[in-house]
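Following: one structure in structure tokens, then a few remarks.
Worth saying up front: this structure is predicted, and the values here are computed from it rather than measured. A, B, ... follow the sequence lines: proteins, then strands. Residue 1 opens every chain.
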Amino acid sequence: MKIYQTFFFSRPTLIVARQLLGAFVVRRVGGREYWGRVVETEAYVGTKDKASHAHKGQTKRNAVMFGPPGYSYVYLVYGMHHLLNIVTGPPGYPAAVLIRACEPAFTERPSPARTYRFGTGGLAAITNAPRLASGPGKVGEYLRLTKKQNGLDVTAGRTLWFEKGYRLAGETIVRRPRIGVDYAQEYKDKLWRFYLKNNPCVSKL
DNA sequence: TATTGGATCGCC
DNA sequence: GCGATCCAATAG
């Protein structure tokens, strides 16, 4: 397995958002591993992006966005959902990729990693649920994230990390406007949401 | 110190 | 369409 390192996340955010499609996100907690293949992302880029938490400058909540790439930015929305982002771009540049949906391990298509993971993880009992992590709030729940996971170094491979995954032929990347950012004026129509075409785990069509 | 509304979800 | 449910951000 190859854990993505700082260089991977240090590249421009729109690049990273696309490159994360097909990657495995892995969460180790309570003696188990919960993991899935990322199928949907969104980019939040710089202070000019009115949809981004960084738009009005650095605050206590968004501080990790202003730090080095490769760290998790986890925050609570609507009082109940923990959303997972990974800081991207050069150190100090406030940008991140939101993980909007992933394909839970048990719905994964054939790959060498499948056998390996089922041999080591604790998810074999679960059968099939393609909608289990089909939205950013559901990803947070599936991966058992809380604010304790804010500011983690995801290149260290401890409790949360990303691995090289795969993309099938035909799984082309679809670009769409981001979800839930109607307030962002000229930034609301930016095509900064990416997902794998025809994937049943994506949050919306 | 008080009010507002959100990078959502699931049910009515 | 709407309520849930917390808290950061902003106004007072």
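Between A/R131 and B/dC9, a side-chain N or O to OP1/OP2 separation shorter than 4.0 Å is absent. At the phosphate of B/dA7, neither OP1 nor OP2 sits under 4.0 Å from any side-chain N or O atom of A/Y73. At the phosphate of C/dA8, neither OP1 nor OP2 sits under 4.0 Å from any side-chain N or O atom of A/T59. For the OP1/OP2 pair of B/dG10 and a distance below 4.0 Å, the side-chain nitrogens and oxygens of A/K138 include at least one atom meeting the criterion. The side chain of A/K188 places no N or O atom within less than 4.0 Å of a non-bridging phosphate oxygen (OP1 or OP2) of B/dA7.
Aromatic ring orientation, A/F8 versus A/Y4: parallel (interplanar angle below 30°, classes split at 30° and 60°).
Residues A/N85 and A/Y75 meet the side-chain proximity criterion, which asks for heavy atoms closer than 4.5 Å. You'll find the side chain of A/F194 reaches within 4.5 Å of the side chain of A/L14, heavy atoms only.
Residue contacts for A/S203: at a heavy-atom cut-off of 4.0 Å it reaches no nucleic acid atom on any strand shown. Residue A/G137 is classed as a sugar-phosphate contact, given heavy-atom separations below 4.0 Å to backbone atoms only. Residue contacts for A/N62: at a heavy-atom cut-off of 4.0 Å it reaches no nucleic acid atom on any strand shown. Backbone-only contact: A/R61 has heavy atoms under 4.0 Å from sugar-phosphate atoms and none from a base. Contact annotation for A/K50: no contact, since no heavy-atom pair falls under 4.0 Å across all strands.
The nucleotide whose nearest atom lies closest to any side-chain atom of A/L98 is, among C/dC7, B/dA7, C/dA8, B/dA7.
The CD atom of A/E40 sits 16 Å away from the P atom of B/dA7 (whole-angstrom rounding). Between A/L83 atom CG and C/dT5 atom P there is a gap of 18 Å when expressed in whole angstrom units. Rounded to a whole Å, the CG atom of A/N85 is 11 Å from the P atom of B/dA7. Nucleotide B/dA7 holds its P atom 5 Å from the OH atom of A/Y75, rounded to whole Å. Per the geometry, NE2 belonging to A/H82 stands 19 Å off P belonging to B/dG6, to the nearest Å. In this structure, A/H53 atom NE2 and C/dC7 atom C1' are separated by 12 Å, rounded to whole Å. Between the NZ atom of A/K204 and the P atom of B/dA7 there is a distance of 13 Å, rounded to whole Å. The distance between atom CG of A/L76 and atom C1' of C/dA9, rounded to the nearest whole Å, is 14 Å.
Annotation: cation-pi geometry satisfied between A/K190 and A/Y187 (NZ/CZ under 6.0 angstrom from ring centroid, within 45° of ring axis).
For A/Y78 and C/dA4, the ring-to-base geometry does not satisfy the stacking test (centroid distance below 5.5 Å, interplanar angle below 30°).
On the C1' atoms, C/dC7 is 22 Å away from B/dG10, given to the nearest whole Å. Look at the P atom in both B/dA7 and C/dT10: the space between them is 12 Å, to the nearest Å. The P atoms of C/dG12 and B/dG5 are separated by 13 Å, rounded to the nearest whole Å.
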#### Entry: Dot-bracket line, read 5' to 3' along DNA chain C, where crossing pairs take [ ] and | marks a partner on another strand, Watson-Crick or G-U under 3.5 Å
||||.||||||.
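Without hydrogens or angle criteria, A/Q5 side chain to A/T155 main chain gives a donor-acceptor distance under 3.5 Å.
Residues A/W161 and A/Y166 share a single hydrophobic cluster, defined by chaining ILVMFWY side chains whose heavy atoms lie under 4.5 Å apart.
Screening A/L160, A/L83, A/L84, A/T146 against A/V74 for a side chain to side chain contact (heavy atoms under 4.5 Å, CB included) leaves a single residue, A/L84.
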#### Entry: Trace of the side-chain contact (heavy atoms from CB on, under 4.5 Å) decision for A/V181 with A/Y44
CA-CA 11 Å; A/V181 296; A/Y44 290 84; 3.9 Å; yes
